[in-house]
Amino acid sequence: MAVKDSKTEQLIKETAQQVFLKEGRMLATTQDIADAAGVNRTLLHYYFRSRDQLFDTVFVEALTELRSRIHDVIGSQLAFVPKIEALVQAFLEVLVQHPFLETFITLQINQQPERYEELFVQLPGGKERLKTFLKEIEREMELGTIPQMKPIQYFINLFALLAYPHIARPLLQKMFDLSDTAYKKILQERKTVVLALLLHQYKTKDQ
């Protein structure tokens, strides 16, 4: 029996990551990925039995990275404002690496919730960290640091403001006739804009 080469396996995974999560080619076949990686399809199937297995491996690794970084920040001892800054930074950094990850999350959790639900709700200690974070949000509202609303609405706003520009990228580029370069600049401005909306004391550069 042949011995698997970790470098070849990693090459295939990185190529699949590029095709699925950076280029957004959701319908790419194993042949497409094999061609992009410069290997034959038989070799690809030696490491990953099917397209679904390869997709799941790439998707779960990227999702786990995002989830872990978010929960690490939420559970940290940072003061509230630095914590929000760190959350925004962590989220945007992962999406720069995997710009179509949020699109994949939206599709997969709606189409096949039973396959991926545990990745979202079964993180050890995750629910307790979220409850504590919502209490932090409520306390900051009482102090007047952030706008008044239900804490869960604030939490939803935080991630909606970050995720939507990535999910709606093709539509927004067409609506406003934006090139890839122009839209990339908009995405680079999101940290400042999101913090300006979420924290009273922040102002955008244009204000």
Exercise for the section: Identify the two heavy atoms, one from Thr30 and one from His45, that lie closest to each other, and give their separation to 0.1 Å. Expected result: OG1-NE2, 3.4 Å
Handout entry: Spacing of Ile167 atom CD1 and Phe100 atom CZ [to the nearest 0.5 Å]
Key = 11.5 Å
Practice task
Mind listing the closest non-hydrogen atom pair of Ala34 and Asn40 along with its distance?
Solution key: CB-C, 4.0 Å
Fill in the blank from the handout: Interatomic distance, CD@Glu65 vs CD@Glu61, rounded to 0.5 Å, equals 9.5 Å
Exercise for the section: Verify whether one side chain among Glu14 and Gln10 offers a donor that lies under 3.5 Å from an acceptor in the other. Expected result: yes
Handout entry: ILVMFWY network linking Val88 to Val193, side-chain heavy atoms under 4.5 angstrom
Key = yes
Handout entry: Nearest non-hydrogen partners of Glu102 and Ala163, listed with the distance
Key = OE1-CB, 3.5 Å
Completion exercise
Heavy-atom closest pair (Ala79 atom, Pro82 atom, distance to 0.1 Å) is O-CD, 3.3 Å
Handout entry: Hphob cluster co-occupancy, Ile156 + Ile70, side-chain heavy atoms under 4.5 angstrom
Key = no
Problem - ILVMFWY network linking Leu43 to Phe55, side-chain heavy atoms under 4.5 angstrom - result: yes
Exercise for the section: Could you tell me whether the side chain of Phe80 reaches within less than 4.5 Å of the side chain of Leu199, counting heavy atoms only? Expected result: yes
Exercise for the section: To the nearest 0.5 Å, tell me how far Ile84 CD1 sits from Ile146 CD1. Expected result: 7.0 Å
Problem - Test: Glu85 and Lys191 ion pair at under 4.0 Å - result: no
Problem - Nonpolar side-chain network containing Leu171, other nodes, edges under 4.5 Å - result: Tyr164, Leu172, Met175, Phe176, Leu178, Tyr183, Ile186, Leu187
Problem - Approximate separation, where rounding is to 0.5 Å, of Gln18 CD and Glu23 CD - result: 4.5 Å
Handout entry: Side-chain touch Met26/Thr103, heavy atoms, less than 4.5 angstrom
Key = yes
Problem - Ionic contact status for Glu138 with Lys150, cut-off 4.0 Å - result: no
Practice task
Find the distance between OG1 (Thr29) and CZ (Arg41) and round it off to the nearest 0.5 Å.
Solution key: 7.5 Å
Problem - Lys13 to Phe48 - nearest heavy-atom pair and separation - result: CG-CZ, 3.4 Å
Handout entry: Lys83 side chain reached by Gln77 side chain, heavy atoms, under 4.5 Å
Key = no
Problem - Whether Arg190 side chain and Leu161 backbone form a donor-acceptor pair below 3.5 Å - result: yes
Problem - Audit row: Gln173, Arg169, side chain to side chain contact (heavy atoms under 4.5 Å, CB included) steps and yes/no - result: CA-CA 6 Å; Gln173 282 192 244; Arg169 177 172 182 161; 2.8 Å; yes
Exercise for the section: Can you measure from OG1 (Thr15) to CG (Asp32) and round to the nearest 0.5 angstrom? Expected result: 12.0 Å
Exercise for the section: Establish, from distance only, whether the side-chain atoms of Gln31 and Asp35 form a donor-acceptor pair under 3.5 Å. Expected result: yes
Exercise for the section: Please check if the distance between the ring centroids of Phe155 and Phe159 is under 6.0 Å. Expected result: yes
Exercise for the section: Please determine, by modelled atom types, if Gln17 and Lys22 share a side-chain donor-acceptor pair under 3.5 angstrom. Expected result: no
Practice task
Assess whether atom CG of Leu27 is packed by more than 12 heavy atoms of other residues, nucleotides or ligands within 6.0 Å.
Solution key: no
Exercise for the section: Start with the C-alpha distance between Leu11 and Tyr47, add both sets of side-chain angles, then the distance that settles side chain to side chain contact (heavy atoms under 4.5 Å, CB included), and finish with yes or no. Expected result: CA-CA 11 Å; Leu11 170 64; Tyr47 290 93; over 6 Å; no
Practice task
State plainly whether one hydrophobic cluster holds both Val96 and Leu101, where clusters connect Ile, Leu, Val, Met, Phe, Trp and Tyr through side-chain heavy atoms under 4.5 angstrom apart.
Solution key: no
Practice task
Start with the C-alpha distance between Glu93 and Gln89, add both sets of side-chain angles, then the distance that settles side-chain hydrogen bond (donor to acceptor under 3.5 Å, both in side chains), and finish with yes or no.
Solution key: CA-CA 6 Å; Glu93 283 179 358; Gln89 183 66 30; 2.8 Å; yes
Exercise for the section: For Asp72, check side-chain hydrogen bond (donor to acceptor under 3.5 Å, both in side chains) against everything at least two apart and list the hits. Expected result: none
Problem - Transitive ILVMFWY side-chain link Phe104 to Leu92, under 4.5 Å - result: yes
Completion exercise
Between His166 and Leu95 the two heavy atoms that sit nearest each other are CD2-CD1, 3.4 Å
Exercise for the section: Could you give me the CA-CA distance, side-chain angles and deciding distance for Arg69 and Phe91, then say whether side chain to side chain contact (heavy atoms under 4.5 Å, CB included) is met? Expected result: CA-CA 8 Å; Arg69 291 194 63 178; Phe91 195 94; over 6 Å; no
Practice task
In sequence, state the C-alpha distance, the side-chain angles, and the governing distance for Thr8 and Tyr46, and then conclude on side chain to side chain contact (heavy atoms under 4.5 Å, CB included).
Solution key: CA-CA 11 Å; Thr8 301; Tyr46 174 67; over 6 Å; no
Exercise for the section: Apply the side-chain contact (heavy atoms from CB on, under 4.5 Å) test between Leu162 and each candidate in Leu87, Val194, Asn157; give the one that qualifies. Expected result: Val194
